[in-house]
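Right, one structure below, let's go through it.
Both counts, for ligands and for their atoms, begin at 1 and track the order of listing.
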Amino acid sequence: MHLVVLGGTGFLSGAVVDAALDRGHTVTAVTRGTRPMLATADDGALRHVVGDRDDAGSLGEALAPVLARRVDAVVDCCGYTVAGARAAAEVLADVPRYVYVSSISAYRDWPPGPVPDESAPTFGADADLDEYGPMKAESERVLAATFGDAALAVRAGLIVGPGDRTKRLTWWLDRIAREERVVVPAEGLDQPVAVVDARDLGGWLVDAAAADWSGAVNATGDAGMTTFGALVEACRVAVAADGGRAADLVAVPQADLLAAGAQPWRDLPLWMPSDVAATAWQVGTSRARRLGLPSRPVEETVRDTWRWLSDAGLEHPGLPEAVRAETHGR
Ligand SMILES: NC(=O)c1ccc[n+]([C@@H]2O[C@H](COP(=O)([O-])OP(=O)(O)OC[C@H]3O[C@@H](n4cnc5c(N)ncnc54)[C@H](OP(=O)(O)O)[C@@H]3O)[C@@H](O)[C@H]2O)c1
């Protein structure tokens, strides 16, 4: 296949390019050129063109020489505006297959959810389309209007793995490696958490580009694949396995954290208060499982992310007072 990847030098998009090349496909990646292409191909199987996918003129110009020959599918990894969806629909309308990376944020009632399956309502066109979730929902509609059954909207959950610069999972690894004691929300430890490794998702997006699946599909780990506590423990194991000293965990009741002004998710990444978490991590993934989306053990993802982080030079912000062990008398 000849794939056009919108993106290609980022986290998920880099994994898509790697997977496509591994599977023997030819890739044209489109980015604005702000970061280098990490993938390489000696045999000319990879081409990197510079253009802004949010602008039809720029995208069309970047892809003009490419569209002169056959393109089998698009994998769209950088949909951040509705204008970008319209631009792609205009320029790439003749491509026979379009896989759009959407998000579970497209669901109107998530969080707190739950999202039993893909038939749950998404945001309507009357929502604020500058907001991330409504923008994803509208972009899905724009692309479906052009590509019909040839479009697949992949509603990704929390993507993790090596290369992740969003400072969520790496925040825990960084803290556990640096601090003596790390605060965790006591009620959070048993909460089920679901994530998807960028490498699992990236490879499967390439499979999706070759398949004829249409509509929408939730793409994350199974509800209950792990727990918040197991994820944090996997971070401790990964740090210790490399000879580091893993921080002791200090379980603080969430009422105390909230009273101290801690902001869920922002101050302790992946932490949602119990009333939200009980349903927010419950996203039905039966369709993805039927379609073969893999889900590697979370311990493997954490270990590989730690190895990547050790060389990545990713700076994490200072710890807010509200989530320091000392603040809670520990
Ligand atoms: N991270 C998550 O947990 C998560 C969860 C759900 C859904 N998603 C979705 O997953 C997708 C990938 O997310 P990611 O964080 O992994 O991103 P990513 O792959 O790092 O995407 C960024 C890539 O797209 C390029 N890009 C960005 N804006 C562009 C533009 N206007 N024109 C051309 N190229 C552009 C970037 O290069 P340049 O900057 O050089 O242009 C880079 O190569 C996104 O659609 C996101 O909404 C992510």
Side-chain angles (χ1 to χ4, degrees), residues 4-20 27-39 46 48-63 74-88 91-92 98-107 110-111 115 131-140 143 152-171 193-202 204-205 208 216-221 265 269-270 280-281 283 285 288 293 301 305 312 314:
V4 163
V5 176
L6 299 183
T9 57
F11 173 38
L12 178 62
S13 61
V16 169
V17 171
D18 289 345
V27 174
T28 299
V30 188
T31 79
R32 293 164 303 178
T34 65
R35 356 179 182 178
M37 173 62 73
L38 297 178
L46 174 62
H48 182 192
V49 299
V50 173
D52 183 351
R53 65 78 40 88
D54 289 337
D55 179 285
S58 171
L59 184 64
E61 198 176 322
L63 283 175
V74 178
V75 182
D76 181 345
C77 302
C78 57
Y80 299 111
T81 65
V82 176
R86 291 201 186 99
V91 172
L92 295 160
Y98 200 104
V99 177
Y100 176 67
V101 181
S102 184
S103 166
I104 57 173
S105 297
Y107 288 110
W110 186 93
V115 178
E131 291 287 327
Y132 183 72
M135 175 279 293
K136 285 293 196 189
E138 180 69 6
S139 297
E140 287 184 13
L143 293 163
L152 180 72
V154 175
R155 296 178 183 151
L158 184 67
I159 307 172
V160 291
D164 177 10
R165 295 183 174 274
T166 57
K167 301 180 186 172
R168 296 183 288 215
L169 182 55
T170 62
W171 186 97
V193 165
V195 295
V196 59
D197 189 297
R199 296 164 295 179
D200 289 336
L201 181 56
W204 184 76
L205 286 166
V217 55
N218 295 333
T220 188
W265 200 271
L270 313 189
W281 293 108
V283 175
T285 57
L293 173 62
T301 297
T305 306
L314 191 64

- Between V17 and L38, is a side-chain contact (heavy atoms from CB on, under 4.5 Å) present by the stated rule, with each step listed? CA-CA 9 Å; V17 171; L38 297 178; over 6 Å; no
- Item | Distance-only N or O hit between ligand 1 and L158, under 3.5 Å | no
- Note on the structure: Note: heavy atom closest to atom 21 (O) of ligand 1, options S102, A87, C77, P36, belongs to C77
- Is a side-chain N or O of R53 found less than 3.5 angstrom from the main chain of C78, in a donor-acceptor match? yes
- For Y80, counting its heavy atoms only, list the atoms of ligand 1 lying under 4.0 Å from any of them. 12 (C), 13 (O), 14 (P), 15 (O), 17 (O), 21 (O), 44 (C), 46 (C), 47 (O)
- Would one find an N or O of G14, backbone or side chain, under 3.5 Å from an N or O of ligand 1? no
- Report, in ascending order of atom number, the atoms of ligand 1 lying under 4.0 Å from any heavy atom of T9. 37 (O), 42 (C), 43 (O)
- Query: Measuring from E140:CD to Y100:OH, what's the distance to the nearest 0.5 Å?
  - Reply: 7.0 Å
- Item | Flag for T34-R32: side-chain donor and acceptor within less than 3.5 Å | no
- Would a 4.5 Å heavy-atom cut-off, applied to side chains only, mark V27 and V16 as touching? no
- Heteroatom proximity flag, D52 to ligand 1, N/O under 3.5 Å: yes
- Note: V30, heavy atoms under 4.0 Å from ligand 1, region reported as backbone
- Do V115 and N218 touch side chain to side chain, with heavy atoms closer than 4.5 Å? yes
- Query: From L152 CG over to Y98 OH, what is the distance, rounded to the nearest 0.5 angstrom?
  - Reply: 12.0 Å
- Heavy-atom nearest neighbour in the protein, as seen from atom 47 (O) of ligand 1, with distance rounded to 0.1 Å: Y132 OH, 2.5 Å
- Task: Determine whether any heavy atom of G157 lies closer than 4.0 Å to an atom of ligand 1.
- Result: yes
- Measure the distances from the heavy atoms of R168 to every atom of ligand 1 and state whether one is below 4.0 angstrom. yes
- Query: Evaluating non-hydrogen atoms only, which member of V16, T34, V195 is closest to atom 38 (P) of ligand 1?
  - Reply: T34
- Could you find the nearest protein heavy atom to atom 18 (P) of ligand 1 and give me its residue, atom name and distance? F11 N, 3.6 Å
- Distance-only, no hydrogens or angles: does the K136 side chain make a donor-acceptor pair with backbone N or O of E131 under 3.5 Å? no
- Task: Starting from atom 34 (N) of ligand 1, locate the nearest protein heavy atom and write down its residue, its atom name and how far away it is, to 0.1 Å.
- Result: T31 CA, 3.3 Å
- Provide the number and element of each atom of ligand 1 under 4.0 Å from a heavy atom of S13. 18 (P), 19 (O), 21 (O), 23 (C), 43 (O)
- Query: Out of curiosity, is R155 lining ligand 1, as in a heavy atom under 4.0 Å away?
  - Reply: no
- Answer yes or no: does an N/O atom from I159 fall short of 3.5 Å to an N/O atom of ligand 1? yes
- Those atoms of ligand 1 less than 4.0 Å from some heavy atom in D54: 31 (N)
- Honestly, for K136 the part within reach of ligand 1 (heavy atoms, under 4.0 Å) is side chain
- Message: Can you tell me how far apart CG (L293) and CG (D197) are? Round to the nearest 0.5 Å.
- Response: 10.0 Å
- Min N/O separation G7 to ligand 1 under 3.5 Å: no
- Item | Backbone N/O of G84 and side chain of T81: donor-acceptor pair under 3.5 Å | yes
- Query: Quick one: which ligand 1 atoms are inside 4.0 Å of a heavy atom on A156?
  - Reply: 6 (C), 7 (C)
- Item | Under 3.5 Å: N/O of T166 near N/O of ligand 1 | no
- Note on the structure: Counting from 1 in the order shown, the ligand 1 atoms closer than 4.0 Å to a non-hydrogen atom of R53 are 30 (C), 31 (N), 32 (N), 33 (C)
- Task: Examine S103 against ligand 1 and note whether any of their N/O atoms are separated by less than 3.5 Å.
- Result: no
- Yes or no on side-chain contact (heavy atoms from CB on, under 4.5 Å) for V195 and L270, after CA distance, side-chain angles and deciding distance? CA-CA 10 Å; V195 295; L270 313 189; 5.6 Å; no
- Query: Hey, what do you get for CG (L201) to CZ (R199), rounding to the nearest 0.5 Å?
  - Reply: 12.0 Å
- In this structure, CG of L158 is separated from CG of D164 (nearest 0.5 Å) by 7.5 Å
- Task: Among all protein heavy atoms, pick out the one at the shortest distance from atom 16 (O) of ligand 1; state its residue, atom name and that distance to 0.1 Å.
- Result: L12 N, 2.8 Å
- Is S102 reaching over with its side chain to a backbone N or O of R155, donor-acceptor style, under 3.5 angstrom? no
- For atom 10 (O) of ligand 1, the closest protein heavy atom turns out to be V101 CG1, 3.3 Å
- Message: Minimum distance, heavy atoms only, to atom 35 (C) of ligand 1: which one of C78, G51, A219 is it?
- Response: C78
- Item | Inter-residue atom distance D54.CG - L6.CG, 0.5 Å rounding | 10.0 Å
- Which atoms of ligand 1 have any heavy atom of G79 under 4.0 Å away? 45 (O)
- Evaluate the criterion side-chain contact (heavy atoms from CB on, under 4.5 Å) for residue pair W110 and V283; output intermediate values, then yes/no. CA-CA 9 Å; W110 186 93; V283 175; 4.3 Å; yes
- Atoms of ligand 1 close to G8 [distance to a heavy atom under 4.0 angstrom, numbered from 1]: 43 (O)
- Task: Just do the side-chain contact (heavy atoms from CB on, under 4.5 Å) check on K167 and L314 with the steps written out, would you?
- Result: CA-CA 8 Å; K167 301 180 186 172; L314 191 64; 3.9 Å; yes
- Query: Between the candidates M135, R35, R32, which shows the shortest non-hydrogen contact distance to atom 30 (C) of ligand 1?
  - Reply: R32
